[in-house]
Amino acid sequence: MATIIPVSPFDYVVFGATGDLTQRKLLPALYQRYRDAQIPETSRIIGASRSHMTVEEFREHARDALKSFVPPAEIDESKLAGFLDHLFYVAVDALGDEGWDDLKRLLDERPDRIRPYYLATSPDLYGSICRNLDRYGLIGENSRVVLEKPIGKDLKSARAINDAVGAVFPESQIFRIDHYLGKETVQNLLALRFANTIFERLWNADVIDHVQITVGETVGVEGRGGYYDTSGALRDMVQNHILQLLCLTAMESPISLDANSVRDEKLKVLRALKPITGADVQAVTVRGQYAAGAVGGRPVEGYQSDLGSDAASRTETFVALKLEVRSGRWAGVPFYVRTGKRLPKKLSEIVVQFRASPFSIFPADAFGREPNRLVIRLQPEEGMKLEVMTKDPGPGGMRLRPTNLDISFEETFKQRYPDAYERLLMDVVRGNATLFMRRDEVEVAWAWADTLLKAWADRPEPPRPYAAGSWGPTAAIALIERDGRTWHEEIG
């Protein structure tokens, strides 16, 4: 069993306390940390939103959410009752004056507590909430603010949000969350590379042929059509999640695990990422939009029907890109990335494809000369798999076949692996910003994305249709196969 180290007592204030994110992720994550005795008994979790309800009604609302989104086997009724006793509620108008005095009175009962403010609201409200926190004297040395994505929809709006929050909170107290960075596998990627010399010495263009990053979702827009149609797959997934995974895969070794050391190296990767301009856009990008099809044996409608709009949408629900990191380590090594909705599997993985051996002592019919491949799985089952060639057992000559050295973290360590939000919420309390994005990271990533968005806008072609339940448009297959490569066969 892993050692659970309790954090210091805190008052966690969650704005948007009645919203979907709080119900699905934040309350379950905080309950799990309480169940594992990581949250001190004197801590409080304070919900804040416009809805008028009593503390008892909020606790009942939270109970329903936990019963819905925590596996039944992980519900301990006595722990659940204890957790609910730590919940409080204040009706607060983010844009007005209502409720702020009530929130101040509640927080002033324990002025020396660590005080994280989690903004699980529309980004349009971030500036207003922060200004009111400052106006009512609710910010001190022990305060932190957590910003959920999306932080803007382009560089200009991201800067406006960062300016508004930064006018009140110093950068050291701002935690821009990307839940992918809280996944155990992502952190193990750092351990794999920098704690194992065998991999770090192979982690370069001499040995690696290419890298693939896939983030697939089986769901459609699921009631988020209004937001998604103004966003699309590039803004929703590539600019944040996928670029962060690319950074951790491609970065140089930081001088330490200090937050700024790690983020300095990620920033260098973002700055080395070759912009995609109009001259390259057709050759290295594919946009798609799902049509009707079947996912998991169930018929589903197309994106246009999910939107419920008569106007034809040009928003992409799928993106495939061929990216280039301009550095000595990665010269000539393409990074192929793809993400989309209504794909066959919910899956997130990084595939590091090593180069084939230039010479083999084995006869040509002994095996297919498959080069080694490292597969790093983020979901649904976190783990790593190294594909190596081994002899087929038995007599009859030397026959080789690929074999997997497979590590499932949960099975290997015989314990439940915490959800990413569980770790990140506690890291905020600790003041550890290593797994959070710094302002300059966000803005450099948006500058790169803006260049691609402009290139697409200058060539206003509609996204290519693909059947729901497939792996995207056929052009995405051509994107990688014209280079003599193929998407990882288990998901291709």
Under the salt bridge (Lys or Arg N to Asp or Glu O under 4.0 Å) definition, can you give me all pairs with a residue in residues 238-251, not counting sequence neighbours? none
Any W330 side-chain heavy atom under 4.5 Å of F335 side chain: yes
Tell me, please, which residues at least two apart from H210 pass ring pair (Phe, Tyr, Trp, His ring centres under 6.0 Å). Y336
Under the rule for ring pair (Phe, Tyr, Trp, His ring centres under 6.0 Å), what residues qualify as partners of F175, not counting sequence neighbours? F436
Sorted by chain and number, sequence neighbours left out, salt bridge (Lys or Arg N to Asp or Glu O under 4.0 Å) with D440 holds for R438
Should the ring pair H241 and Y180 be called parallel, tilted or perpendicular, given that the plane angle runs from 0 to 90° and is split at 30 and 60? parallel
Identify, with sequence neighbours excluded, every residue that meets salt bridge (Lys or Arg N to Asp or Glu O under 4.0 Å) alongside E443. R159, R439
Among residues at least two apart in sequence or on other chains, which ones pass salt bridge (Lys or Arg N to Asp or Glu O under 4.0 Å) with K183? none
I want to check something: taking the side chain as every heavy atom from C-beta on, are L425 and R33 in contact at a cut-off of under 4.5 Å? no
F199: ring pair (Phe, Tyr, Trp, His ring centres under 6.0 Å) partners, not counting sequence neighbours: none
Residue list, salt bridge (Lys or Arg N to Asp or Glu O under 4.0 Å) with D20, at least two apart or on another chain: R24
Can you run down the salt bridge (Lys or Arg N to Asp or Glu O under 4.0 Å) pairs that involve residues 194-205, sequence neighbours left out, and say none if there aren't any? R193-E200, E200-R329
All ring pair (Phe, Tyr, Trp, His ring centres under 6.0 Å) counterparts of F169, not counting sequence neighbours: none
According to salt bridge (Lys or Arg N to Asp or Glu O under 4.0 Å), does anything in residues 286-303 pair up with another residue at least two apart or in another chain? List the pairs. R287-E316
Side chain to side chain donor-acceptor pair (under 3.5 Å) against R176, all qualifying residues, sequence neighbours excluded: N162, E171
